[in-house]
Amino acid sequence: MDEILEMLARYERILLLGCGTCVTVCLAGGEREVGILAGQLRIHARQEGKSAQVDEHTIERQCEKEWVEEIKDRVEGVDVVMSMACGVGVQLVAEMYPEKPVFPALNTTFMGYPAQHGIWFENCRGCGNCVLHLSGGVCPITRCAKSLLNGPCGGSQNGECEIDKEIECAWQVIYDRLKKTGRLEWMNNYQPPRDWSTAGSGGPRRSVKIEEVLD
Amino acid sequence: MKSESNLEKVLEAGKFAVTSEIGPPKSADGNVVRKKTGILKNFVDAANITDNQTAIVRLSSIAAASILLQEGIEPVAQMTVRDRNRIAIQSDILGAAALGVKNVLCLSGDHQKFGNHPSSKNVFDIDSMQLIRMLKDMRDAKKFQCGDEMDVEPRLFIGAAANPFADPFEFRVHRLAKKIDAGVDFIQTQGIYDINRFEKWLEEARSEGLTEKVYILGGVIPLKSAGAAKYIKNKVAGMIVPDSLIDRMKNAADPKQEGIKIAIETIEQLKDMKGVHGVHIMAIEWEEKVPEIVKESGLLPRPSV
């Protein structure tokens with residue numbers, strides 16, 4: 001919250017822009033969270049004896065131009081856009097309204113699913129070279145603290161990762177799954193070094209589906 | 001001979017090898033390394049130099065290894081994949097070999113979470129298995145990981161770790177087999193307190209014929225106190241300390257001497273095990289006890305080969 005207040009300190013008219021997709025499901029940046037944050041901003045402004053005009057609005061997706069275009073009038077009427085989308089949404093809004101400051105309300109953390117209500121685990125780093133078909137449906141790049149490819153390090157004990165007892169050793173899970181399905185061979189064979197160029201080490205990534213490109 | 005290192009020669013000659021470990025200082029004081037070298041000289045065949053162990057910044061392992069060479073002990077430079085990508089590792093290996101380092105131990109490395117820079121970014125471009133293969137290809141095929149060729153290859157005796165006490169236990173021998181396939185020449189194990197579990201692992205390795213394909217040095221870490229034993233049992237992932245050992249330390253009149261005694265007993269047992277080719281004594285910040293342990297274990301004088 002302090003980070004957000006610091007970002008907004010110079011501005012009076014704020015558009016608090018929620019996103020109706022992933023961040024809504026993650027209870028981080030949907031209509032409900034927009035309402036909560038707007039309330040907090042108004043209270044803070046009153047306490048400081050300042051006036052703050054907070055416009056609340058949530059669109060379906062901040063990662064698609066069509067949806068972002070629709071808020072043109074609202075954006076023009078404010079000093080700053082505080083986006084409650086992931087980093088992708090923040091960047092698209094900023095790109096489409098370059099004359100307006102666009103700030104992130106969230107620290108986008110990871111791609112994951114809820115293990116239970118209110119608890120999320122990271123599952124995918126979008127490394128561009130999936131091994132899930134070989135690794136028993138468990139990603140060693142994401143879920144092993146050392147992203148190992150040839151089995152567990154010497155710190156795996158009782159199914160726990162050496163860095164935190166709350167974290168499962170991914171390789172224990174992989175071992176158990178592969179054993180159950182008779183596919184341990186993959187784990188027993190040497191896996192060569194990876195090409196990390198698809199994982200971001202090759203610079204910013206782009207993806208082209210040629211048949212979908214219009215001219 | 002792959003490397004002509006003293007350690008390789010001792011093992012090739014069928015002698016029971018003795019290695020130990022030197023932890024470089026958390027400063028630029030090379031004299032700390034010199035002093036520790038002086039303690040171990042003539043008592044070990046080679047001494048490991050740890051590579052920023054527990055992810056705490058220390059004097060570089062290759063620089064310390066170079067000091068060891070000046071002081072007349074053969075170093076085993078430890079190399080983790082935590083802090084360097086394949087470019088930096090290969091460059092450092094060439095540099096180490098040019099300085100005269102002939103033994104390298106390939107490790108994953110403790111996660112930086114345990115160290116004094118927990119907010120740092122780790123690398124893990126390759127893993128310890130791939131590091132072994134990379135060094136083997138550099139040595140035997142004169143090839144870099146990318147496939148490019150080099151004129152003068154690093155003549156290295158390639159080591160790696162094995163931990164019979166980590167899980168899944170059934171995979172541990174397979175992992176050893178993988179390291180052998182990747183090209184490892186010698187193994188130093190995690191510290192042995194649970195001798196039964198170690199024997200079980202060794203027996204499996206023996207029955208797979210693995211002890212004929214690689215030299216295995218059993219790890220021994222002398223205990224200083226019952227508290228230290230409990231700490232290792234509860235706080236160090238991948239280590240097992242039986243309660244009987246903790247009780248023995250607790251009841252000892254002189255726990256430090258008891259710890260040394262246990263270490264010597266363990267070495268005596270290791271000497272009798274088929275498939276164990278030596279011992280690796282890790283006396284952490286207690287290097288001055290190594291000569292006594294080696295002597296009392298009947299491992300002197302060290303062979304000159």
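Naming convention: chains lettered A, B, ... in sequence-line order (proteins, then strands); numbering from 1 in each chain.
- Between chain A and the options B/Met134, B/Arg172, B/Met239, B/Gln190, heavy-atom pairs under 4.5 Å are most frequent for B/Arg172.
- The candidate with the highest count of non-hydrogen atom pairs below 4.5 Å against chain A, out of B/His111, B/His174, B/Arg82, B/Lys113, is B/His111.
- The SG atom of A/Cys153 sits 8.0 Å away from the CZ atom of B/Phe124 when rounded to the nearest 0.5 Å.
- The contact list for residues 138-150 of chain A toward chain B, using heavy atoms and a distance under 4.5 Å, reads A/Ala145, A/Lys146, A/Leu148, A/Leu149, A/Asn150 by residue number.
- Residues of residues 20-39 of chain A never come closer than 4.5 Å to chain B when only heavy atoms are counted.
- The two residues B/Gly238 and A/Gln157 make their nearest non-hydrogen contact at N-OE1, 2.7 Å.
- Among the residues in residues 79-106 of chain A, none has a non-hydrogen atom closer than 4.5 angstrom to a non-hydrogen atom of chain B.
- Within 6.0 Å of CD1 on A/Ile167 lie more than 12 heavy atoms contributed by other residues, nucleotides or ligands.
- Both the backbone and the side chain of B/Glu170 come within less than 4.5 Å of a heavy atom of chain A.
- The distance from the CG atom of B/Asp167 to the CD atom of A/Glu160 is 9.5 Å, given to the nearest 0.5 Å.
- Only the backbone of B/Phe165 has a heavy atom closer than 4.5 Å to any heavy atom of chain A.
- Between chain A and the options B/Asp181, B/Asp125, B/Asn163, the largest number of non-hydrogen pairs under 4.5 Å is found for B/Asp125.
- Around the CD atom of A/Glu3, the shell of radius 6.0 Å holds no more than 12 heavy atoms that belong to other residues, nucleotides or ligands.
- More than 12 heavy-atom neighbours from other residues, nucleotides or ligands sit within 6.0 angstrom of CD on B/Glu285.
- Residue A/Phe110 qualifies as enclosed at atom CZ: its count of foreign heavy atoms under 6.0 Å is above 12.
- Within a 6.0 Å sphere centred on CZ of B/Phe169, other residues, nucleotides and ligands contribute more than 12 heavy atoms.
- The two residues A/Pro152 and B/Pro168 have their closest heavy-atom pair at CG-CD, 3.8 Å.
- For A/Asn107, the CG atom sits in a loose shell: 12 or fewer heavy atoms of surrounding residues, nucleotides or ligands are nearer than 6.0 Å.
- When the heavy atoms of residues 171-202 of chain A are compared with those of chain B, the residues falling under 4.5 Å are A/Gln172, A/Tyr175, A/Lys179, A/Met187, A/Asn188, A/Asn189, A/Tyr190, A/Gln191, A/Pro192, A/Pro193, A/Arg194, A/Trp196, listed by number.
- Under a cut-off of 6.0 angstrom, the local environment of CD in A/Glu56 is crowded, with over 12 non-hydrogen atoms contributed by other residues, nucleotides or ligands.
- At a 4.5 Å heavy-atom cutoff, the contact between B/Val236 and chain A is made by backbone atoms alone.
- Heavy atoms closer than 4.5 Å to chain A are found in both the backbone and the side chain of B/Phe171.
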